[in-house]
Structures are given as structure tokens and as C-alpha cells.
Protein chains: 2
Amino acid sequence: MQDQSEASPCVALDAATPEVLGDDAIERLRAIAIQHGAVAAGTRIFRAGEPFRAIYGVRIGAIKAIRYDGAGEEQVVAFHLPGEFFGLTGIHSDRYVNTAVALERTAVCGLPYQRLFHVANDHPRLRRQLMRLMSGVILTEQDQYAAMAGHTADARLAFLLLDLRERMSRGGALQDRLRLPMTRAELGSSAGLAPETTSRVFQQFRRRELIEASGRNIRFLDLAGLRRLAVPLTHPGDGSGRTTAA
Amino acid sequence: MQDQSEASPCVALDAATPEVLGDDAIERLRAIAIQHGAVAAGTRIFRAGEPFRAIYGVRIGAIKAIRYDGAGEEQVVAFHLPGEFFGLTGIHSDRYVNTAVALERTAVCGLPYQRLFHVANDHPRLRRQLMRLMSGVILTEQDQYAAMAGHTADARLAFLLLDLRERMSRGGALQDRLRLPMTRAELGSSAGLAPETTSRVFQQFRRRELIEASGRNIRFLDLAGLRRLAVPLTHPGDGSGRTTAA
DNA sequence: CGAAGAATTGACGAACGTCAAATCGAGTGG
DNA sequence: CCACTCGATTTGACGTTCGTCAATTCTTCG
């Protein structure tokens, strides 16, 4: 279930091991994957409206997927962390619909879609893995939606923090410290909250001794308390972990 | 682009014509598709936690995908209209994560996933179509999310009504009348709003002469006005229509 | 060291949820 | 066919939550 994201998530699609995909598929994926070097914070990987060419995996760093609201206001649609894939919506539209921006120094790898499709032509197990990957993205999307709709600012942010904690500890034990790659404003935007509200909820969490937070550095003090606040996300009979996001 | 949903959306995957899929693929899809008879409102197609077997398409009627919030409160995740597919999240989890309930007299067709996968083994174009389908679902999910997050009740409901109008006129010209398959409470829940708020916004729309509404029957009086209210959904350089939803 | 952006804090008002009660409407059994 | 009944919808009153505007402090990076 764990992976070595830093190596290349594009070759370990959705945490698939070589045993799952087969050596030949791994080999050919490696051949078509484009390993991009690290880029600075603020770099755009692609922009909304550009023709779709490849899906991307995060190797190091973090990505935000954003849209521009009517008034040109930025709205965060999702965050993408190491081991996760993004740009998948382009498959349907032949164009990217979101803009992808690096939140910090970030390295991604690209899988040109046409070539990926050709490789999949020879590898049923890769095909199955791709379907699982996309299904997992739909799932995370729905989880996020359900966690936000109709809940208080407390519940949304508690959910987001716990979610980020899980996703940022891929392949290792869950940490009780983490460094957020995004600003309060970006975190709030992804939860449909104003920056000030986000900041106030952080203060409240501190007062209640649920977390310590100095700037972007977070320390979890009371996980049980946070979980009580957050939306439960009842996946009945679910023992498995989370998946990559769009 | 149009389809004959009532015949069988399972054979016209995501509005794919026979020319797109090829006659043989169509034939084999027809062979594995299970055409279920119409069921009464309130019937559960599947429940969260049940083992995943098939993805479903809506032929006639409407489906709501729901989850149960911590306190056992029902939360609407999505609506599914004729021609659209649901149950796709099961691919990842091997279980259904939502419960699917018929909102009115509804007929669906099932595509057993293992068999579908086998058919796709022989048909690259079907594989491509499946990827497009799932990508489209991710896209609609994100659209919905972006339209709800951080916007007023007015904007959310205006968006939802316009969205339902488009989706309920598949294959035909857009109607300015439609009959909503869901209650105010369900509509509100899917937008993260209380039933009372939903009702009040409807009253406001009536006073402003944006719509007529008696019970579930809606008539659009001022589309331009509604669009001004609703969230723009800027898909830059986008001339295409919408897609099926999860 | 300085500057620009990020985070915090306060005050205020608008938007929305909650509780409660009244009305409407569709389906049902007699 | 009609009265009845249960749920859906509406309406009102009220309190809470959250967004907005504005000012201040803190960080980070050049």
C-alpha cells in the first residue's frame, strides 16, 4: 500500500507495485514518463484552456488546482500531494479545465495521455489500475464535497487538517507534526471559507488545545478531539486508506 | 451528441454512437447489460457497503446518491438523470460507498463490471470511452464543488436549477418548463442548505419573476437573470455541453 | 535591513440555520 | 368518489455563524 513517491509516482500508479502491473508495463511506463525538474513556488504546470496532453503525478512538493470565479477571484478546487495525480479532467474535455500551480518547490512527472493509452493497450492490469485510479479520484472528490456541504467552519477545517495529515504521511507512519504547503487563504478557499474565518478557527483550535500552530507548522495535540469535530465520513465497513485526488 | 436514453444508456456509453464504439462492441454491450424494470419511488438500487458488482445507467426517472451523516442525517451527494451513470466509486473500493435511491418511478440498466472490463479488453475504443466517461464525472463533480463553495444560497440554487434544466433536456431542445424529481429538502441538501432556506430562495426567485414554481413544477421566466445570479463556471474556450454525473 | 505578503484581531452587519406553527398537496383506504 | 392523513412546503421569529472592512502585527524573502 505504501509507495516510494519521490522516485516516480507515474510508474507506481495509485500505489501499484511492480507485482501488480508486471515488469514490462513498469518498464514501458518508465519509458514514456517525463520527469520534470523541480520548479519554484508559483510556477504554473498548466493553465485552464490549454490543450490536454498529459496527466501529472506529484513527486515532491504540492500543487493547487484553481479556477477563476466570475470576478477573477481565485477559487481552490483541490490540493495535490506527493504520489497523487492531477489533470485528469482534461481527458474528457481535451483541454485542462483547472490551472495547476506549485505551492512550494515542486517536482512533477508527466504521462502523455496518448502514449499511456497505447501502453495500456498491451497491459490489461494497467487498464484496471487506471480505472481504479479514476474511481478513487471521484471518491475523494465526493468525500470532500460531503464534508463541506452544510457543515460549520470548525468541522470543515478539522476534516481538512486530518485529511492533509493522512495524505502527507504517504509511505510512512502518521506524523503528529506537519508543515502546510498552503496559506490560510488557500486552505480556506478550498473549504469555501474566508481567510479571516480560517484564521479564527485556527485560534479556536489552539485555545482548545487541539493543535499547536505557528505559521504553517502544525502540531496535532488532540486527534480524538479533532475527529469529534470533523465530519465522520462513514464509509461503512471500510478499513482501507485514502486515495489520490484530482 | 444526442442519444436515445430511454433505449439504453448502457449501450450508448456517455452519448457514444455506434460509429464511435463499433457494431461489435455495441452488440456485446447489449449482451451483458441488464435491463431492470421500473421501480417505485424510494426503492434502493444499492446500499453503501454492499459489494460492488455493476455500474448503472439511468434509463427513465431519477436517482439520488446519499450518505448518512454522523447523526444518521441524510446528505445528498448527487442526482443522476436519464443517460447518466452512477456507482462508479465502487470500482475503487470494491464496495458501494453511497446509497442509490430512486426519486420517482425509475428504470436503470446495470453493466456488471467484470464483464464490462472483459468486453473492453477487445475494444480499444470502448476503453477510451470509459476513460472519457470517468473523466467527465470528475469534471462535473468539481464543477458542482466550485459552484457551491463560498457562494450564497441564491447562487447555489440558481446554478442547480440551470444545471438540472440542461441535464433534463437530453437529446431535445432545452425546455423552459420542467418537473423536479426531488423535494426542496433534497435539493437543498445537495447544495448544503437547510430546507427552509431553499424554500425562501424559491420565494425570492418568484418575487423577482425569475421562475414560476408550483410544487415541483418549474417554469423558467428569466434565464439571463438566473445566469447572472448563478456561479459562472468559466471553462475557458468551452463550447461543448455537459456530461454525465456520478 | 526593508518591503510585500501573510496572519491576526476587532467591530459590525448580512446570511443562514433552527425551532415552531400553519398551510398545502398527493396518495390512500373506505 | 371523497374524506383523510401524512409528508412536503411555506412562513415567521430569533439567534448564531460567518463574511466584510479595516487596522495591526508577524514572516519571509529579496
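Chain letters run A, B, ... following the sequence lines, proteins first, then strands; residues in each count from 1. Values reported hereafter were calculated over all heavy atoms of this structure, with side chains retained and with hydrogens, waters and symmetry mates removed.
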Mark yes or no: B:Arg177 above the aromatic ring of B:Phe220, with NZ or CZ under 6.0 Å from the six-membered ring centre and no more than 45 degrees from the axis.
no
Atom pair distance, as rounded to whole Å: CD in A:Gln204 and C1' in D:dC18:
13 Å
Write down the distance between CG (B:Leu229) and P (C:dA15), rounded to a whole number of angstrom.
13 Å
When rounded to whole Å, the CG to P distance for the pair A:Asn217 and D:dT27 reads 11 Å
Where do N or O atoms of nucleotides 20-23 of chain D meet protein N or O atoms at under 3.5 Å, pair by pair?
from: D:dT20; atom 1: O4; to: A:Arg200; atom 2: NH2; distance (Å): 2.9
from: D:dC21; atom 1: N4; to: A:Glu196; atom 2: OE2; distance (Å): 3.3

Scan side-chain atoms only and decide if B:Tyr145 and A:Gln144 contain a donor-acceptor pair under the 3.5 Å cut-off.
yes
In whole angstrom, give the distance that lies between atom NE2 of A:His151 and atom P of C:dG17.
12 Å
Which residues pass the salt bridge (charged side-chain N to carboxylate O under 4.0 Å, His left out) test with A:Asp222, sequence neighbours left out?
none
Among residues at least two apart in sequence or on other chains, which ones pass side-chain hydrogen bond (donor to acceptor under 3.5 Å, both in side chains) with B:Asp154?
B:Gln204
What is the distance, to the nearest angstrom, from the CG atom on B:Leu193 to the P atom on D:dT17?
18 Å
5' priority, DNA chain D, between B:Pro195 and A:Asp154 [closest heavy atom]
B:Pro195
Counting N and O atoms only, with roles assigned by atom type, does the side chain of B:Thr99 sit under 3.5 Å from a partner on the main chain of B:Ala48, one being a donor and the other an acceptor?
yes
Contact residues, residues 178-185 of chain B to DNA chain D [heavy atom, < 4.0 Å]
B:Thr183, B:Arg184, B:Ala185
Centroid separation under 6.0 Å, is that true for the rings of B:Phe52 and B:Phe46?
no
Determine whether A:Ile66 and A:Val101 make a side-chain contact, defined as any pair of heavy atoms from C-beta on separated by less than 4.5 Å.
yes
With sequence neighbours excluded, what pairs up with B:Met168 under the side chain to side chain contact (heavy atoms under 4.5 Å, CB included) test?
B:Leu81, B:Leu178, B:Pro181
Rounded to the nearest Å, what distance is computed from the CD atom of residue B:Glu74 to the P atom of nucleotide D:dG7?
14 Å
Non-hydrogen atoms of B:Arg165 and B:Asp176 that approach each other most closely:
NE-CA, 4.3 Å
Backbone of A:Gln75 reached by a side-chain donor or acceptor of A:Ser189 within 3.5 Å:
no
Look at the side chain of B:Thr152 and decide which nucleotide, out of C:dC16, D:dG19, D:dT11, has an atom nearest to it.
C:dC16
Please list, by residue number, the residues of residues 206-216 of chain B whose heavy atoms come closer than 4.0 Å to an atom of DNA chain D; answer none if no residue qualifies.
B:Arg206
Whether A:Ser93 side chain and A:Gly90 backbone form a donor-acceptor pair below 3.5 Å
no
Would you kindly compare A:Gly150 and A:Ser199 by the position of their nearest DNA chain C nucleotide and give the one closer to the 5′ end?
A:Ser199
What contact category does B:Thr198 fall into here, base, sugar-phosphate, or nothing, at under 4.0 angstrom with non-hydrogen atoms?
nothing
Students often get this wrong, so: under 4.0 angstrom with heavy atoms, is B:Gly192 touching a base, only sugar-phosphate, or nothing?
sugar-phosphate
Measure from CD on A:Glu73 to P on D:dG19 and round the result to the nearest Å.
14 Å
Charged tip of A:Arg184 within 45° of A:Phe202 ring normal and under 6.0 Å:
yes
Could you check how far CD of A:Glu104 sits from C1' of D:dC29, rounded to whole Å?
16 Å
